[in-house]
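Residue indices begin at 1 and follow the sequence shown. Numbering of ligands and ligand atoms starts at 1, following listing order.
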Amino acid sequence: MSHYQHIESALVHGGVDGDARTGAISVPIYQTATYRQDALGKNRGYEYSRTGNPTREALEALIAELEQGVAGFAFASGMAATTAVLSLFEGGDKIIISSNVYGGTFRVLDEVFSRFHIGYSIVDTTDLAALEAAITPDVKAILIESPANPLLTVTDIAGAAAIAKQKGVLLIVDNTFMTPYLQRPLELGADIALHSATKYLGGHSDIIAGLLVVNSAALAERVQFIQNATGGILQPFDSYLLIRSIKTLGVRLDRHVENAQRIAELLFAHEAVERVYYPGLPSAQGYEINQRQAKNGGAMISFELKAGYDINKFFEGLQLIVLAESLGGVESLVCHPASMTHASIPKEIREKVGITEGLIRLSVGIEQIEDLIEDLQTAIAGAAS
Ligand SMILES: *Cc1c(COP(=O)(O)O)cnc(C)c1O
């Protein structure tokens with residue numbers, strides 16, 4: 001069915017390409033809750049839109065194709081997708097998470113799934129020996145991000161997958177920061193890829209959505225059951241918007257990454273900057289591994305200003321770059337992980353893993369690079385005291 005070999009074309013034509021009935025170029029928005037049944041027990045493949053909706057299914061087929069998986073599933077948010085994944089487990093099971101994960105992932109384990117006796121342990125998964133040693137008999141899955149949020153640490157996905165396979169546990173990779181355009185965890189041996197599609201896949205900071213892709217028919221059947229049973233589905237209009245956004249993912253990311261590489265190099269050489277975290281810099285932790293498993297370093301950068309620079313003044317000094325939660329939109333966004341995205345992680349844990357009070361996270365947008373550099377330079381100069 002495919003008339004293309006490259007992911008750039010799959011982004012535009014993958015999944016369900018247009019509408020077979022009318023020839024419409026875009027997938028129609030089936031804004032319906034229910035479907036006419038032709039006779040008792042006889043329907044046309046759809047009964048109720050929580051269970052199945054053609055617009056959502058087009059998106060699900062698209063993300064499954066992009067991630068090279070068996071099936072895709074669309075949810076109302078990244079956290080709804082995470083919740084569906086964690087619903088695969090039962091009381092007494094334990095999940096290993098990387099020491100840098102999205103704050104909400106930590107929170108749902110720590111405060112929701114813990115009440116159903118699903119435990120977790122935090123492991124530095126950049127160290128594969130430590131990961132292997134942490135797999136006790138009650139561990140049923142490993143959930144990693146690479147690069148991880150917010151310190152952009154890189155875990156060897158193929159290495160983690162080999163350990164997971166040997167120990168008989170699932171490897172779940174939150175691929176939000178990379179997207180299948182830059183990195184495909186299932187091809188590297190992971191069992192499940194997870195996305196907050198709110199970020200790069202949506203790309204315009206205007207929808208909240210989550211996606212899952214699984215690598216086996218057994219997992220697909222189980223996740224489909226959970227999706228229908230728990231009901232955190234993505235609506236038809238948002239499914240349509242996400243299909244529309246994914247068509248431009250490649251061109252957007254090329255520009256995001258080009259800008260990010262320039263800014264990371266500039267910050268790295270800057271006299272006011274203490275430390276830069278960006279997997280596209282040869283000095284970064286995991287640079288070679290990232291080069292091997294991903295197309296490039298992505299477009300997220302974290303950094304710390306030197307002592308004596310006032311970060312409040314830095315944030316106030318930005319004119320173009322917006323102080324906001326979230327990332328991956330066309331507009332550059334900056335945030336303070338310790339008080340924003342990672343505030344739900346207790347301070348002792350934050351400090352231990354390196355999420356300091358001085359850490360700044362930058363989601364580099366697609367604006368003109370000189371404008372972004374000018375804004376950063378001005379804000380840094382204004383933060384000097
Ligand atoms: C934002 C984010 C999530 C949560 O997704 P929502 O769409 O906000 O629910 C999960 N993982 C990562 C890495 C994220 O950045």
Asker: Hey, is the main chain of Pro236 close enough, under 3.5 Å, to the side chain of Asn53 for a donor-acceptor pair?
Answerer: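 Not confirmed, Asn53 side chain does not pair with Pro236 backbone.
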Asker: Checking a contact table here: which protein heavy atom is nearest atom 4 (C) of ligand 1, and how many Å away?
Answerer: Tyr102 CE2, 3.4 Å
Asker: Please confirm whether the backbone N or O of Glu374 pairs with a side-chain atom of Thr378, one donor and one acceptor, at under 3.5 Å?
Answerer: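 Between the backbone of Glu374 and the side chain of Thr378 there is a qualifying donor-acceptor contact (under 3.5 Å).
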Asker: Would you mind telling me which of Leu88, Leu171, Leu143 makes a side chain to side chain contact (heavy atoms under 4.5 Å, CB included) with Ile192?
Answerer: Leu88
Asker: Which of the atoms of ligand 1 are close to Gly78, meaning less than 4.0 Å from one of its heavy atoms?
Answerer: 5 (O), 6 (P), 7 (O), 9 (O)
Asker: Treating Asp310 as the side-chain partner and Ala383 as the backbone partner, does any N or O pair qualify as donor plus acceptor under 3.5 Å?
Answerer: no
Asker: Could you find the nearest protein heavy atom to atom 7 (O) of ligand 1 and give me its residue, atom name and distance?
Answerer: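 Atom 7 (O) of ligand 1 sits closest to the protein heavy atom Thr198 OG1, 2.7 Å.
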Asker: Does a salt bridge link Glu60 with Arg56, judged by any charged N lying under 4.0 Å from a carboxylate O?
Answerer: yes
Asker: Please check: side-chain N/O of Glu67 versus main-chain N/O of Val213, any donor-acceptor pairing under 3.5 Å?
Answerer: no
Asker: Please verify whether a non-hydrogen atom of Ala209 lies at under 4.0 Å from ligand 1.
Answerer: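 Distance cut 4.0 Å: Ala209 passes for ligand 1.
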Asker: Specify the protein heavy atom at minimum distance from atom 9 (O) of ligand 1: its residue, its atom name, and the distance to 0.1 Å.
Answerer: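 Minimum-distance protein heavy atom for atom 9 (O) of ligand 1 reads Met79 N, 2.8 Å.
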Asker: Under 4.0 Å from a heavy atom of Ser77: which atoms of ligand 1 are those, numbered in the order shown and with their elements?
Answerer: 7 (O), 9 (O)
Asker: What protein heavy atom lies closest to atom 14 (C) of ligand 1? Include the residue and the distance to one decimal.
Answerer: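 Scanning the protein heavy atoms, the shortest distance from atom 14 (C) of ligand 1 goes to Lys199 NZ, 3.0 Å.
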Asker: Could you check atom 12 (C) of ligand 1 against the protein and tell me its nearest heavy-atom contact, residue, atom and distance included?
Answerer: Asp174 OD2, 3.4 Å
